[in-house]
Amino acid sequence: MFIVKDFDLKLTFESGQPLAFYGEYRLEKNGKGLSYVTDRGVIRLHCEKTKSSTNIDYNYIGKYTAKSAENDIRARLGLSQDMRKVYAAIDTDQFMHEAITSLRGLRMTKSDPWEATLCYLTSQANNMKRIRGTIRKFVDVFGDDYKGKGACAKLFPSPASIAKATIPELTACGTGFRAKYIKGVAASFAGGFDSDALYGMDYATAKLELTKHRGIGDKVADCVLLFGYGKMQAFPTDVWIKRVVEHVYFGSRKTSAREIHSFAENKWGPYAGYAQQYLFWHGRSKTIGKPSS
DNA sequence: ACCCAGGCGGGCG
DNA sequence: CGCCCGCATGGG
C-alpha cells in the first residue's frame, strides 16, 4: 500500500505516456484500477482518493516478490518524485500555472528503455489509438507466456523476439513503414547495444548513442531518454509541443526544434521533460495552436 | 477525395 | 542549414 499526495492515476495513465500503450486502465467497483505488462509479469493497481492523498493498493502475477513489485510500482509511477520541487521549478508563467492547476497529480512515468524505444518507434507519424493497438498486438503475438502458481499472463516482448520476427509479421501488427526500423533496433538491443550503459551517460552523450540507430531521430531519442531512462532534461519536440510553444512563447512565429530545445533548457533546465508533459497534455486538451481551432 | 497522426532518412539548393 | 518528399494505414 502506498499513500501519496499529488498523484492522479487517470491523468498519469491517459496523458500519452508509454504505460498507456502496454497497460490497461479501467473502472472498478469503488475506484480506478490499472494493470500493466512488463518483462517479468503483470502488475495490478487499485487507487482510492481521499481528501488529502491517494491510496494505492496492488497485486501481481509473475516473477515478482512483494518487495520487487513495490519497487517496480514506485519507479514506474514516479512515486518518489518530489512534486513540491517539480512544481516550483516549472511554474514559470501563466500558461504553465494553468496547466499545473488543471493537471495536478500528473506524474512522469518511467518505463524500461526497451519498452519506451519500441513504443516511440511505433509512434512516428501515428496516432495514440493505433500506437496502443500495435503495442498490444506485439504483446499478444511476441510476448512470452508466464505460467506459474495457477496464473498465466503475457509478458512484454523481448528485443530478441521482435528482432527475429519477419517484416510481414511486424506489419501485420499495424506498424506500416516503421517495421524495418523496429526490427533493426530490436536486433541492436538484443545484442551489441548496451542499453544499460546509457544510464551512466549524460543526456547529450546518451542521445548520440541512441540516434546512431536507423529510425531513432531527435524526437524519438528524447522520448526514450525521458520515458525510458528518466532523464528529465529531455524535451521531446513533436508537432504538438512545437505548436504550443510557438503559440504561447513565440507569438505564433515558426520556430525550429533547435531553438525550442534551447528555449526549454534555459527556462526549465533539469525539469524540462516535466514541463513538456504538462505543455503537451494541457495544450492538446485545449487544442492550442492547432489549425481550425 | 483530402488531411492528419507524439517522425525519420535522404536528397537538393 | 532549411525545405520537401516518400513512407503505411486508419480515422475524421
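Just so we're on the same page: letters track the sequence lines, and every chain starts at 1.
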May I ask you to say what A:R284 touches in the nucleic acid, namely base, sugar-phosphate or nothing, with a heavy-atom cut-off under 4.0 Å?
sugar-phosphate
* **Rounded C1' spacing from B:dC3 to C:dA8 in Å** => 15 Å
Whole-Å distance, A:N126 CG to B:dA5 C1', equals 7 Å
Writing each nucleotide of DNA chain B 5' to 3' as (, ), [, ], | or . by Watson-Crick or G-U pairing under 3.5 Å yields .||||.|||||||
In this structure, CG of A:L9 is separated from CZ of A:R107 (nearest 0.5 Å) by 11.5 Å
- Item | B:dG6 and C:dC1, which share atom name C1', separated by this distance in whole Å | 25 Å
Ion pair present between A:D72 and A:K110, side-chain N to carboxylate O less than 4.0 angstrom?
no
Check the angle between the aromatic planes of A:F142 and A:F138 and answer parallel, tilted or perpendicular using the 30° and 60° thresholds. tilted
Got a list of side-chain donor-acceptor pairs under 3.5 Å for residues 222-235 of chain A, not counting sequence neighbours?
| unit_1 | atom_1 | unit_2 | atom_2 | d |
| --- | --- | --- | --- | --- |
| A:D222 | OD1 | A:Y203 | OH | 2.5 |
| A:D222 | OD1 | A:K207 | NZ | 3.3 |
| A:D222 | OD2 | A:K207 | NZ | 3.0 |
| A:D222 | OD2 | A:H261 | NE2 | 3.1 |
| A:Y229 | OH | A:S195 | O | 2.7 |
| A:K231 | NZ | A:L198 | O | 3.3 |
| A:K231 | NZ | A:Y199 | O | 3.3 |
| A:K231 | NZ | A:M201 | O | 2.8 |

Between CD1 of A:I167 and P of C:dT9 the distance, given in whole Å, is 12 Å
What are the atom names and distances for every N/O pair under 3.5 Å that joins the protein to nucleotides 1-4 of chain C?
| unit_1 | atom_1 | unit_2 | atom_2 | d |
| --- | --- | --- | --- | --- |
| C:dC1 | OP2 | A:R258 | NE | 3.1 |
| C:dC1 | OP2 | A:R258 | NH2 | 2.6 |

Quick note, side-chain hydrogen bond (donor to acceptor under 3.5 Å, both in side chains) partners involving residues 149-165 of chain A, not counting sequence neighbours, are A:D145-A:K154, A:S158-A:S161
If only side-chain N and O atoms count, and only distance matters, is there a donor-acceptor pair under 3.5 Å linking A:Y278 with A:D91? no
Checklist line | side-chain contact (heavy atoms from CB on, under 4.5 Å) between A:R26 and A:S35, worked out | finding: CA-CA 9 Å; A:R26 66 194 183 286; A:S35 64; 3.9 Å; yes
| task | Check the pair A:V185, A:L118 against side-chain contact (heavy atoms from CB on, under 4.5 Å), reporting the backbone distance first and the verdict last. | result | CA-CA 9 Å; A:V185 174; A:L118 184 59; over 6 Å; no
Pairwise N/O distances under 3.5 Å, protein to nucleotides 9-13 of chain B:
| unit_1 | atom_1 | unit_2 | atom_2 | d |
| --- | --- | --- | --- | --- |
| B:dG9 | OP1 | A:G215 | N | 3.0 |

When rounded to whole Å, the CD1 to C1' distance for the pair A:I182 and C:dC7 reads 13 Å
Here the distance between atom P of B:dG6 and atom CZ of A:R243, to the nearest Å, is 9 Å
**Report entry** Check: A:R178 side chain, A:T175 main-chain N or O, donor-acceptor pair, under 3.5 Å
**Finding:** yes
Q) Ring-on-base stacking between A:Y120 and B:dG6, under 5.5 Å between centres and under 30° between planes: is it there? A) no
*Would you mind classifying the nucleic acid contact of A:R132 as base, sugar-phosphate or nothing, using non-hydrogen atoms under 4.0 angstrom?*
nothing
- prompt: Does the pair A:D144 and A:R40 meet the rule for a salt bridge (Lys or Arg N to Asp or Glu O under 4.0 Å), with working shown?
  reply: CA-CA 10 Å; A:D144 287 338; A:R40 285 184 289 170; over 6 Å; no
To the nearest angstrom, the CD-C1' distance between A:Q277 and B:dG6 comes to 9 Å
A:F280 CZ to B:dA5 P, in whole Å, measures 11 Å
Give A:F21 one of three labels, base, sugar-phosphate or nothing, depending on what nucleic acid heavy atoms sit under 4.0 Å from its own.
-> nothing
When rounded to the nearest 0.5 Å, the distance separating OG1 of A:T109 from CD of A:E115 is 10.0 Å
### Task
Determine, using the 4.5 Å side-chain heavy-atom cutoff (strictly less than), whether A:I167 and A:I135 are members of one ILVMFWY cluster.
no
Taken to the nearest whole Å, NZ/A:K219 to P/B:dG6 is 9 Å
Between CD1 of A:I260 and P of B:dG7 the distance, given in whole Å, is 13 Å
| message | Classify A:S15 by what it touches in the nucleic acid, base, sugar-phosphate, or nothing, heavy-atom distance under 4.0 Å. | response | base
| task | In whole angstrom, give me the gap between the P atoms of B:dC4 and C:dG6. | result | 15 Å
Task: Under 3.5 Å side-chain donor-acceptor pair for A:Y274 and A:Q81 - done: yes
Practice item. Kindly say whether the aromatic ring centers of A:F2 and A:F7 come within a distance under 6.0 Å. Key: no
Could you go through nucleotides 10-12 of chain C and list every protein N or O atom that sits under 3.5 Å from one of its N or O atoms, giving the distance for each pair?
none

Next item on the list: Anything under 30° is parallel, anything over 60° is perpendicular, the rest tilted; go ahead and classify A:Y249 against A:F263.
Entry: tilted
